[in-house]
Structures are given as C-alpha cells and as structure tokens.
Amino acid sequence: MNFKYACRVVISGMIGLLLACSDADKEKNLIDLHTTASQDVIAISFPDASEQVISVNAQVDYTLQGLKSNGVDTSEILRDIKWSLSAGATSRVDLNGLLSAGNIAEEITLTAHFGFLSKSIDIKVSSAKFDQVVKLDEEAFDIDMCRSQLIKPIGRYIDENNDEEIRPVDSTIINDIEWIILNQSDNSDSQKAYIETSANQTLLHTLAAGDLIIQARATSLFSGNIVTSVSFAQSVSNRLNQIKLCPGGDQNLQDCSITTASIEKDQVLSIMAVGNYQASDGSDFYQNITRNSLWGLSNSNASSVFSSDRLQFEVTGITEDTTTTVSVACGNVQESLVGIEIAEGVNLGAAVSCGSNADCFESSQLVNVTKLSVNDIQVSANGISLTNDQTVQLNTRPNEIELTVTATLSNNSQPVITSDDELTYSIISIEGDVIEEKTGSLGVFTVLAAGTAKIQLNFRSQIFTVVIEVP
C-alpha cells in the first residue's frame, strides 16, 4: 500500500471519529490527533532489542520508536507517551517507561499509548538467578583505538528447576561485575582498554590497538560462588588517520583547529582531542576522543585536569609570562602507564609522545601563560579617594603627596601595586614644577610649590590620571 494513501486513510478515520464523538471525546481525540501529527508519526513499535525476559526486582528502561510518514525513517519518541501494565501486575512502570519488576515471577504486558496509537509487548518476569557471563555482547563487534563502544553482556540464568535462560545481564548484577582485560600475547594486565559500568550500562573504552582477552568476574546468585567467565577474545583496530587539538566544545569537528593559544594566570583553557577515522565504507568521520587519549604537559607552568565528563582537557595557567606545551596521543605511546588508573583518564603530568612506536598518533600545542589583565585601577592620595582625570582641591599644602594604588585584576583579586615594577608614574608639567618624585619611595611625591599636580599612572596598559590642586 502506498504510504501517502495510508496516511490519508488514517487521518480520514481520525476525522470520522471526531465527528462521531461527544464534545469531551472530541477534545481528547483532537489532542491525540495533534500528538501524532506534530511528530509526523504514523505507526509505533518497540525496538527489536527490547528485553522480553527480565529478573525479579530488576529495572529496565523501555523506549518506543515511531515510523515517519515517508514510510522509511524511524526515530525514538521522547515525549507524550503514556505507559501502562496489565491488570494484576506486581511490577510497576513510571511515566518515562522505566519498568521496575516485582519480587515474584509473573507474566505481564507493557503497553505504550501515543496519541491514537498503541503498542504492547509481553514480558516474562523470571525468578531465574544469574550464574555467569557467557558472552561479551549480543553481536560480535569491531572497535577502533581511542573509541568507546556500548556493550550488552549476555548472562546465563538458572531457575529452581535448573532450566537455563540466556539473556542480557540485567540491573540486578550488571553494576557489580569486575572486568579483567589482558593482553593476548602474554596474558599480562593490559592498559590498552578498560570497561566502565554506569547507570546499568556497560562501555568498553579503548586506548590503543591490539589483541585483548576480556573476562567478567561476578558473584553467581545461583551458587553463591565468585565465578570468572571464559576468556572473550576482542581485537582493537587502528583505522585512525589523524589526531588534532580543537577548542573544547567546538561542534564543527571536521574544521576545528587551534592555531595559537593563550591563557591568563589562573584562567582555564578547554581543549579536546579529535580523531579522524576511516569508516568501513572508505569514508572519513571525526569524533571527540578526549577521554580515551593520553595527555600531558611539558612543565609545571600550568596544571591540567579532565572535565567531569572527560570530554574536555582543562589547562589552568600558573606562572605568568611563561609557556607550556600540551601534548596528546592515541595509541602505543613510549611513556609507561604502569600505576595509572586509566579509567579516570590518562594525564601523565609530563609530555607524552609516540616516539618510534607504530599504531600511534600525536599532536601538541604551545600555550602562552600571560599576565592577568587589569579591569580597573583605584588610587588614593594622602587617604583621599581619587577619580580618574578629576581634579581634587586640597585645603592645605602638604609636604608630600603619597599615592596608594590598587588594581582589580581579571581573576577579581585586588592587590596593592603602588611599588609594583610594572607600574609607571609620569609627572605631567602644567604650571612649572609643582611636585617631584621622592627618591627611593615609589608613589611618594615632594610638594615644591602651589599649582596643579598631574601624574599619569600606567599599569599593564590601564591608565589612571591623578589631578591635584595644591594651594
């Protein structure tokens, strides 16, 4: 059937329903019609990977996808879904599709309502207990170095009749699995990858190419013993073409770059590593690989940390008027990673490089650590606050005029800079010599005669002019 024709049939049917209903029903039907039409959805379904067997007390997020009016494209529906469970279920589902299984085995039906459309899925809540991980993922997969892959470990569950269920490891155990990664060549602990579990999701993160062995160790809820899975062989490929540095947060990964970089003391420069990879079809694509790259600084003129999501590398200036070099690499670097907790992001604290190692790419950027800029200068003379280039009339002639100078810097600090080497004082003569600088006392001027004393102060290009009328 032609999808445009199908859409017309659906809409015509909806209009017919509207005409046949009461006012209250018409209002509800109008809302339902708007819901489907506004998101261009003509049919709904549960994704193929939706779990249909889960453990008692487990939690599973269910999603709904919609078929667009072109009859081809689908997308996840993110709002306006109403979820419900079959009558009598001890399990519960919230407004967002999070199913919390009850504490007894049962067969339930989960239904999603979206406008006029609805779809149901039958789910078995099983009392079978987790025994061990039997497969790394539902499907074999290929992964490149310095990338991350969401994996769905498959476990063996055993019920009270010793019947087995082979299904994805669920929330009752997924967060408690200890993952072991070894090098295939010698069974030594590997620093080429690590596995992270968060919010019931398992991510494989790779740092370098190579052949790995991955094992899962967990407590069997069936036997009570700690069980280590069989060894799963996993290769990490190298299809990286290039690594480059870009400003943190730049969305144009293809064209982004850093040509010059400067930060003031105490200020932060956010940088990210972007990898250019070759896809299986021969095309190129770009990806933020900051969290899986190896980082370092050439000296202690700056400090560095990862952002909380490890998608940016943040460099903070420490020593003014100096430089440091940020270096980043992906692959088999020449520096040792022994003793480094790679799951927290690799920051070597020193320069990182590939050396002559194969399967390694690197990039670096010189960063200038500049002095703090000046937002404002405050000046007082003999305790009297002055305004820039505004005349102050003294009632009596003092022997000396003593200035106190304070700067407001870009980090909001307010140091007294009266004697700072970078502050210059220049007497501007208007009516002859009214004042002169007092030798050995910066900011102090000897009064010579009556008249207008004018002094120009310059601190890091910030100008303040003192004008005092001496009687």
Side-chain angles (χ1 to χ4, degrees), residues 258-270 297-303 314-326 365-471:
I258 299 177
T259 52
T260 59
S262 296
I263 49 173
E264 295 181 359
K265 179 182 181 295
D266 299 328
Q267 300 299 304
V268 177
L269 174 68
S270 292
L297 294 178
S298 61
N299 54 44
S300 58
N301 293 331
S303 62
E314 299 178 341
V315 180
T316 302
I318 293 178
T319 308
E320 293 180 320
D321 254 356
T322 62
T323 63
T324 191
T325 298
V326 180
Q365 176 65 49
L366 181 70
V367 178
N368 296 301
V369 183
T370 62
K371 295 178 179 179
L372 292 168
S373 57
V374 183
N375 295 332
D376 193 19
I377 293 178
Q378 299 85 42
V379 182
S380 65
N382 295 353
I384 302 172
S385 294
L386 305 180
T387 301
N388 182 34
D389 210 18
Q390 297 283 320
T391 301
V392 169
Q393 177 73 52
L394 299 182
N395 295 323
T396 59
R397 181 191 300 176
N399 294 323
E400 295 177 339
I401 295 175
E402 182 176 352
L403 301 181
T404 300
V405 186
T406 303
T408 300
L409 303 180
S410 55
N411 66 350
N412 294 321
S413 63
Q414 292 185 308
V416 176
I417 59 169
T418 308
S419 302
D420 194 290
D421 292 341
E422 293 185 73
L423 176 60
T424 61
Y425 299 91
S426 301
I427 297 175
I428 300 174
S429 180
I430 298 176
E431 304 170 353
D433 295 334
V434 177
I435 58 173
E436 66 178 7
E437 292 188 67
K438 182 177 180 180
T439 303
S441 299
L442 290 174
V444 181
F445 299 84
T446 301
V447 176
L448 303 177
T452 302
K454 193 170 186 178
I455 312 163
Q456 187 178 80
L457 284 61
N458 187 330
F459 181 70
R460 297 183 186 177
S461 300
Q462 186 80 20
I463 305 297
F464 191 102
T465 302
V466 173
V467 185
I468 299 175
E469 196 67 36
V470 179

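Counted within 6.0 Å of CG on Asp433, heavy atoms from surrounding residues, nucleotides or ligands total 12 or fewer; the atom is thus considered open.
Minimum heavy-atom separation, Asn375 to Leu409: ND2-O, 3.3 Å. The two atoms that bring Asn301 and Thr323 nearest to each other are ND2-O, 2.8 Å, heavy atoms only. The minimum heavy-atom distance between Pro398 and Thr396, with the atom names listed, is CD-O, 3.2 Å. Across Val326 and Val367, no two heavy atoms sit closer than the pair CG2-CG2, 3.8 Å. Between Ser303 and Leu297, the closest heavy-atom pair is C-CD1, 3.8 Å. The two residues Ala381 and Ile401 make their nearest non-hydrogen contact at CB-CG2, 4.1 Å.
A donor-acceptor contact shorter than 3.5 Å is absent between the side chain of Thr391 and the backbone of Val467. Listed for the Asn368 side chain is no donor-acceptor partner under 3.5 Å among the backbone atoms of Thr370. The closest donor-acceptor contact from the side chain of Ser298 to the backbone of Thr325 lies under 3.5 Å. Within the 3.5 Å criterion, the main-chain N or O of Thr324 finds no donor-acceptor partner in the side chain of Asn299.
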Under the side-chain contact (heavy atoms from CB on, under 4.5 Å) criterion, do Ile435 and Leu448 qualify, and how do the steps go?
-> CA-CA 5 Å; Ile435 58 173; Leu448 303 177; 5.6 Å; no
Residues Phe445, Tyr425; criterion side-chain contact (heavy atoms from CB on, under 4.5 Å); working and verdict: CA-CA 10 Å; Phe445 299 84; Tyr425 299 91; 3.9 Å; yes
Check your understanding: Hey, mind stepping through Glu469 and Thr452 against side-chain hydrogen bond (donor to acceptor under 3.5 Å, both in side chains) and telling me if it holds?
Key -> CA-CA 5 Å; Glu469 196 67 36; Thr452 302; 2.6 Å; yes
Determine, stepwise, if the pair Thr319 / Val369 fulfils side-chain contact (heavy atoms from CB on, under 4.5 Å). CA-CA 7 Å; Thr319 308; Val369 183; 5.6 Å; no
Using the rule given for side-chain contact (heavy atoms from CB on, under 4.5 Å), can you reason through Ile468 versus Leu394, listing the C-alpha separation, both sets of side-chain angles and the distance that settles it, and then say yes or no? CA-CA 7 Å; Ile468 299 175; Leu394 299 182; 3.6 Å; yes
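With no hydrogens or angles considered, a side-chain donor-acceptor pair links Thr408 and Gln378 at under 3.5 Å. A donor atom on one side chain and an acceptor atom on the other are not found under 3.5 Å apart for Thr406 and Gln414. Ser373 and Glu264 form a side-chain donor-acceptor contact under 3.5 Å, judged by distance and modelled atom types alone.
Atom-to-atom distance recorded for Lys454:NZ and Ile430:CD1 is 5.0 Å, nearest 0.5 angstrom. Here OG of Ser410 is found 8.0 Å from CG of Asp266. Values are rounded to the nearest 0.5 Å. Atoms CG and OG1, from Leu457 and Thr424 in turn, are 7.5 Å apart once rounded to the nearest 0.5 Å. Note that the OG atom of Ser426 and the CD atom of Gln456 stand 6.0 Å from one another [nearest 0.5 Å]. Atoms CZ and CG, from Phe464 and Leu423 in turn, are 11.5 Å apart once rounded to the nearest 0.5 Å.
With respect to Glu400 and Lys438, a salt bridge is recorded, a charged nitrogen being found less than 4.0 Å from a carboxylate O. The pair Glu320-Arg460 counts as a salt bridge, with a side-chain nitrogen and a carboxylate oxygen less than 4.0 angstrom apart.
Just one residue in the list Asn388, Leu386, Thr387, Val379 forms a side-chain contact (heavy atoms from CB on, under 4.5 Å) with Thr465, and that residue is Asn388.
In this structure the side chain of Phe459 never reaches within 4.5 angstrom of the side chain of Val405, judged on heavy atoms. Proximity of Asp321 to Lys371: side-chain heavy atoms (C-beta onward) are separated by under 4.5 Å at one or more points. For the pair Asn399 and Val447, the minimum side-chain heavy-atom distance is 4.5 Å or more. Residues Val444 and Leu403 form no side-chain contact, since every pair of their non-hydrogen atoms from C-beta on lies 4.5 Å or further apart. At least one side-chain heavy atom of Ile427 sits less than 4.5 Å from a side-chain heavy atom of Glu437.
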